[in-house]
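One structure is given below, encoded as C-alpha cells.
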Amino acid sequence: MRITGAISIVTFILILAFSCFSQTYARADPNSMQRALRIGAQTQQKTAETSQAARQPSRLRPNSVKTADFYLRNGQLVFGKLVSEDKNKVTIEQLTASKIIVTTYSRREIDPRTLQTKNVPEYKYYMDLAEYFSSKTWDFRDDPDDFIQAIRCYEKAKQAVVGTSRLDSERIEQINEAIKTLQADRQVWAREVESRAKLKKLEFEAEVQTRLNELEDRINTSSQKIDESAERLNNIIREIQDNRQRLEQSFSMMEQDIRRQLNILASQVEANRRIIDPFYGYLGPIYPYRYYNRPGY
C-alpha cells in the first residue's frame, strides 16, 4: 500500500511538471506541444504498468515434499512422505489400502543402507495421490473413501500450484476438470450402487426362496427316511417278539420232551433192575451188602 501511494504521488508530480513544461514550450514551438503530450502519455502508461506490477503478488517458489523409502530388516518395503526423523526414529506418512496413515519406525527396524530421501514438488505429490485414489474407485471396496481422498488430494494439488508458475491457471483448470469428472463419476457410482443393492436384494430373496425349497425337500426326504427306518425298526421288533415266542414255545416243548424222555428212561431203568434182580424190591437195604460181599468182591 505504501509503495502504491508513493508511485501515485510521483506520477502526479511528473504529470504536473510536464504540463507546465509543455505550456512554456508550446509558446516557443507549437509542434513541440504534441511531442510533449505523447511523452507524458507514455510516461503515464509506464507508471500505471509499474503500479499494477507492484500490486500483483510476487511469484512464490514451488513448495516441495520430502519423501523417503527404505527396507525394514524383515524385508518389508516402506515408502511415503517423510514427516520427521531423528537419530532414534523415522516417521512416515504412507498409503495403506484406501487410507493414509502415519507410522513411526525405530532406527533399529530399518536397514540403514536402503534409506533414501528425495524432494518431490508438492503439486506432483498430491496429483500422484489423487490419481492413486481415483484408480481405486469402482472396485466396490472402500469406494466412498477413495472418492473423498481423490478429491481432497486434487484440492491440495490446486492449492500447491497457485502462484508458483505462469501456467498455474492452466493447471488449476485441469485440476478443476478432474474434480468435476470425479464428482460426476461419484454420482454415477451412487446410482449404480443403489441399483446393485436392489439387484443383490432380489438375488438374495430368490436365493432364499430356492434354499427354503431345497431345505423343505431335504426335510421331506429326511422325514420319509425316518418313517421308513421306523417301519423297519417296528418290523424288527415284531420279528424279535415272534422269535421270542417261538423260542419260548420251543423251550417249553423241549422241556416237556426231556421230562417225557427222562420218565421213559427211569421206567426202563426200573424195569432193567427188576429183570436183573427180581428180589430187589423185597431185600431192600441188604441187597448191596449181599451183592458186594459175595466171593470175589
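Excluded from the calculations below are hydrogen atoms, water molecules and symmetry mates; all remaining heavy atoms, backbone and side chain alike, are included.
The shortest heavy-atom contact between K66 and E85 is NZ-OE2, 4.0 Å. Between L77 and F70, the shortest heavy-atom contact is CD1-O, 3.5 Å. Residues A150 and S134 share a closest heavy-atom pair of CB-N, 3.8 Å.
Between atom NZ of residue K99 and atom CG of residue D145 there is a gap of 7.5 Å, rounded to the nearest 0.5 Å. Remark: I236 CD1 to I240 CD1 distance equals 7.0 Å, nearest 0.5 Å. Distance check: T104 OG1 to E109 CD gives 10.0 Å after rounding to the nearest 0.5 Å. With values rounded to the nearest 0.5 angstrom, L115 atom CG is found 8.0 Å from D69 atom CG. Interatomic distance, CD1 of I172 versus OH of Y154, reported as 15.0 Å (0.5 Å rounding). Remark: L82 CG to N119 CG distance equals 9.5 Å, nearest 0.5 Å.
Using a 4.5 Å cut-off on side-chain heavy atoms (C-beta onward), I175 and M127 make contact. The closest side-chain heavy-atom distance from Y125 to K156 is not below 4.5 Å. For the pair I92/T103, no side-chain contact is recorded, criterion being any heavy-atom separation below 4.5 Å from C-beta on. Between E155 and R152 the shortest side-chain heavy-atom distance does not fall below 4.5 Å. Side-chain contact between Q256 and S252 is present, with heavy atoms from C-beta onward closer than 4.5 Å. The shortest distance between side-chain heavy atoms of M253 and D257 does not fall below 4.5 Å. V193 places a side-chain heavy atom less than 4.5 Å from the side chain of F140. Within the 4.5 Å cutoff, the side chain of L72 has heavy atoms near those of the I110 side chain.
Using a 4.0 Å cut-off between charged side-chain N and carboxylate O, D242 and R238 make no salt bridge. K225 has no carboxylate O lying under 4.0 Å from a charged side-chain N of E228, or vice versa, which leaves the two without a salt bridge.
Judged purely by distance below 3.5 Å, without hydrogens or angles, the side chains of S229 and R232 pair a donor atom with an acceptor atom.
Grouping the Ile, Leu, Val, Met, Phe, Trp and Tyr side chains by contacts below 4.5 angstrom, directly or via other members, places V65 apart from I101. A single hydrophobic cluster is seen to contain both V120 and Y132, as judged by linkage of ILVMFWY side chains at heavy-atom distances under 4.5 Å, directly or through other members. Clustering ILVMFWY residues whenever any of their side-chain heavy atoms sit less than 4.5 angstrom apart, transitively, puts V78 in a cluster other than the one holding L95.
A donor-acceptor pair under 3.5 Å links the side-chain atoms of T114 to the main chain of Y71, judged by distance alone. Remark: the backbone N or O of E231 is paired with a side-chain donor or acceptor of N235 at under 3.5 angstrom.
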Please list every donor-acceptor pair under 3.5 Å in which a side-chain atom of residues 178-190 meets a protein atom from a residue at least two apart or in another chain.
residue	atom	partner	partner atom	Å
T181	OG1	E177	O	2.9
W189	NE1	D143	OD2	2.8

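By the salt bridge (Lys or Arg N to Asp or Glu O under 4.0 Å) test, E255 is found to be paired with R259, residues two or more places apart in sequence or in another chain being considered. For R113, the salt bridge (Lys or Arg N to Asp or Glu O under 4.0 Å) partners are D111, not counting sequence neighbours.
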Take I100 and F133 through the test side-chain contact (heavy atoms from CB on, under 4.5 Å) and record every step on the way to the result. CA-CA 11 Å; I100 300 177; F133 286 114; 3.8 Å; yes

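The number of heavy atoms from other shown groups lying within 6.0 Å of CZ (R107) is above 12. Open room surrounds CZ on R218; 12 or fewer heavy atoms of other groups in view lie less than 6.0 Å from it.
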